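By convention here, the first residue in the shown sequence is residue 1. Scope of the values below: all heavy atoms of this structure, side chains included, with no hydrogens, waters or symmetry mates. Being a predicted model, the structure only gives us computed values, none of them experimental.
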Amino acid sequence: MKLALDDLPNDIDLLKQLLLETLAAKDAEITELKQSMQRLLEQFRQAQQKRFGASSETHDYQGEVFNEAEVINDEPAELTAVDESVPPKKRAKRKLLPKDLPREIITHDISEADKQCACGHRLTLMGQDSSEKLQFIPAQIKVIEHVRLKYSCKHCEAQGTQTNIKQAPAPVSPIPKSFATASLLSQLITSKYQYALPLYRQETLFKQHGIELSRQTMSDWMMKSAALFKPLYDLLHQQLLKQKVIHADETTLKVINDERVKSYMWVYCSGADGPSIAPRYQELNSIVLYDYQDGSRASTCVSHFLSIEKTVFNGYLQVDGYAAYQRANDRLVGCWAHARRKFKEAIVAQGKTKTSKVSKADMALSMIAKLYRIETQIQSLSLEAKLSRYVEDSRLNIDNNRAERAVKPFVIGRKNWLFNHNHRGAKASAILYSIIETAKANGLTPFDYIEHCLEQLSHPNCDLNSLLPWRVNLSKA
């Protein structure tokens, strides 16, 4: 506010008061401007970090760029063979190849003439050296032709009576009236949902073998395979709700026939990422289930999944801070990894300061790091010795990274196939992803597990309990 000279009072005390008020108003305005500028700088730094900064939470799936070989080759790699330039103590030993792989032994011998010594005597075999080489044999495709012999009674034919014809029953098939075998379907499913190879690329691979297998046909097979797995998925769902601890998370996907810009896939998991002897996992089954409920992100999705028929989940639910979980369960467990990220964002937003004063965010990160060190140190202790919401029960984890790791394969696959065409496709994807990730969590090879399950699920009276991944027997007679 500008004042004319004639508007100023002549009283000195009033002038002083006016001056103080003006200075205070200016100071408040400057403070507000500084705060606004600081907020804008923080937002700018955060945006720069998210777009260009390196993430400290890397994952095995992140090497997907086209120059992956060049990038990895530039990084310090673990030695896989003896390097003469490295001192003996630092040489890394090559890991032995699995003993159960088929082996072909080729013996290299010297000629008979070379076995004669210069002194005239014959050389004696003193030992041998061996080295292993790994040979890759491309996938083999063959046709299984089922021939069903027919038998009839010639006597009945001669008498003109009703001819009695007998024939062996048709073998069961996962998808009747198609040439898809359990092994072929398993290959298609794992290629798409485990290794993120879209169907149009698989179509190209089959063409190289002279086989016309369209992506439309393969897509139809994916849907029918998911329908076969649905009873097993439902049984795993019931088993999951009986666990004492469940981790949950959600991620986005695009469904074409949906007016929403974003749809959501939920993931629920229990146990460990893989086989583990840690005490905290001894009473938990390792299960990973994806759930798609028309793409919603509402709390009803959580409550519907955690309560089916007569089975209601009443254990601990470990999640991030999303409010939808709060309405579904009153025994929520927070995630220190999410809390830690907020403090990291605060440090990035603050930028580099000239002072050596430790910020509150730095102090918080230091305290959280101590918690993680304690968790690492006590992993092998019994349930009664261990810290017992994450300190209430020794089966709980310090963070929700279990669910975040479980949702990663879906996120990576989503980058390759981009979208589902409709809700049915999204639900089928959820089932097939669930079967693969649950198999991996139980130390099974997904291809073998899926092939076995499809063979068994083809029978009308299949024992679903025998197909649970912690009970299944994949040994072939």
Side-chain angles (χ1 to χ4, degrees), residues 61 139-142 144 172-207 209 211 213-237 253 265 267 269 287-292 406-422 424-459 462 464 467-469 472 474 476:
Y61 291 101
Q140 297 180 347
I141 300 177
K142 67 178 181 180
I144 305 292
V172 294
S173 174
I175 304 178
K177 298 182 181 180
S178 76
F179 60 78
T181 60
S183 62
L184 177 59
L185 292 173
S186 182
Q187 175 64 26
L188 299 177
I189 293 170
T190 53
S191 295
K192 176 175 171 61
Y193 295 106
Q194 183 180 5
Y195 300 112
L197 190 64
L199 295 181
Y200 75 88
R201 292 182 184 171
Q202 297 193 54
E203 180 181 11
T204 302
L205 290 175
F206 280 101
K207 282 184 179 179
H209 294 276
I211 300 173
L213 184 55
S214 69
R215 70 195 76 173
Q216 290 80 12
T217 298
M218 289 187 283
S219 177
D220 179 63
W221 289 353
M222 295 296 102
M223 301 291 292
K224 291 178 178 177
S225 296
L228 271 177
F229 274 110
K230 183 61 165 61
L232 180 58
Y233 175 94
D234 292 339
L235 179 59
L236 288 168
H237 192 174
L253 77 156
M265 183 74 79
V267 63
C269 51
I287 303 172
V288 181
L289 295 185
Y290 294 84
D291 180 52
Y292 179 85
V407 84
K408 274 289 182 182
F410 178 85
V411 173
I412 300 304
R414 179 185 61 198
K415 292 180 181 179
N416 288 275
W417 42 259
L418 299 180
F419 50 75
N420 279 275
H421 282 276
N422 51 50
R424 288 180 61 245
K427 291 181 179 180
S429 297
I431 292 175
L432 296 175
Y433 266 116
S434 301
I435 299 300
I436 287 176
E437 294 305 314
T438 300
K440 289 165 57 178
N442 286 272
L444 302 176
T445 302
F447 176 89
D448 296 337
Y449 180 63
I450 290 176
E451 181 185 20
H452 175 78
C453 288
L454 286 174
E455 290 173 348
Q456 300 304 313
L457 291 168
S458 302
H459 295 275
C462 174
L464 291 177
L467 298 182
L468 291 173
V472 71
L474 296 182
K476 295 188 177 181

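The two residues Pro174 and Leu185 come nearest to each other via the heavy atoms CB-CD1, 3.7 Å. Smallest separation of non-hydrogen atoms from Leu253 and Ala426: CD1-CB, 4.3 Å. Closest approach of His209 and Leu205 over heavy atoms only: CD2-O, 3.4 Å. In terms of heavy-atom proximity, Leu454 sits nearest to Ser458 at O-OG, 2.6 Å. For Leu432 against Ser225, the heavy-atom pair with the smallest separation is CD2-C, 4.5 Å. Taking both residues in full, the closest heavy atoms of Gln456 and Cys462 are given as O-CB, 3.3 Å, listed atom of the first, atom of the second, then distance.
Note: Glu455 CD to Thr181 OG1 = 8.5 Å, rounded to the nearest 0.5 Å. Rounded to the nearest 0.5 Å, atoms CG (Leu188) and CE (Met222) are 4.5 Å apart. To the nearest 0.5 Å, the span separating NZ on Lys224 from OG on Ser178 amounts to 7.0 Å. Going from atom OG1 of Thr190 over to atom CD1 of Ile450 covers 6.0 Å, rounded to the nearest 0.5 Å. We find the CG-OG1 distance between Leu197 and Thr204 to be 9.0 Å, quoted to the nearest 0.5 Å. Distance check: Ile141 CD1 to Gln187 CD gives 8.5 Å after rounding to the nearest 0.5 Å.
Contact of the Leu236 side chain with the Ser434 side chain is not registered, since no non-hydrogen atoms from C-beta on lie closer than 4.5 Å. Inter-residue side-chain proximity for Met218 and Lys192 is flagged as unmet; no heavy-atom pair is nearer than 4.5 Å. Inter-residue side-chain proximity for Tyr233 and Thr438 is flagged as unmet; no heavy-atom pair is nearer than 4.5 Å. Side-chain contact check for Leu474 versus Glu451: every heavy-atom pair is 4.5 Å or farther apart. With contacts defined as side-chain heavy-atom distances shorter than 4.5 Å, the pair Leu213/Trp221 qualifies. A heavy-atom distance below 4.5 Å is not found between the side chains of Ile436 and Tyr449. In this structure, Tyr433 and Met265 have side chains that are not in contact, with every pair of non-hydrogen atoms separated by 4.5 Å or more. Counting heavy atoms from C-beta on, the side chains of Leu464 and Leu457 come closer than 4.5 Å.
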Working for side-chain contact (heavy atoms from CB on, under 4.5 Å), residues Tyr193 and Ile435: CA-CA 10 Å; Tyr193 295 106; Ile435 299 300; over 6 Å; no

Starting from the C-alpha separation in whole Å, work towards a yes-or-no answer on side-chain contact (heavy atoms from CB on, under 4.5 Å) for Leu467 and Leu235. CA-CA 10 Å; Leu467 298 182; Leu235 179 59; over 6 Å; no

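Ser186 places no side-chain N or O within 3.5 Å of a backbone atom of Ala182 that could act as its donor or acceptor partner.
In this structure His237 satisfies the ring pair (Phe, Tyr, Trp, His ring centres under 6.0 Å) test together with Phe305, sequence neighbours excluded. In this structure Asp291 satisfies the side-chain hydrogen bond (donor to acceptor under 3.5 Å, both in side chains) test together with Gln293, sequence neighbours excluded.
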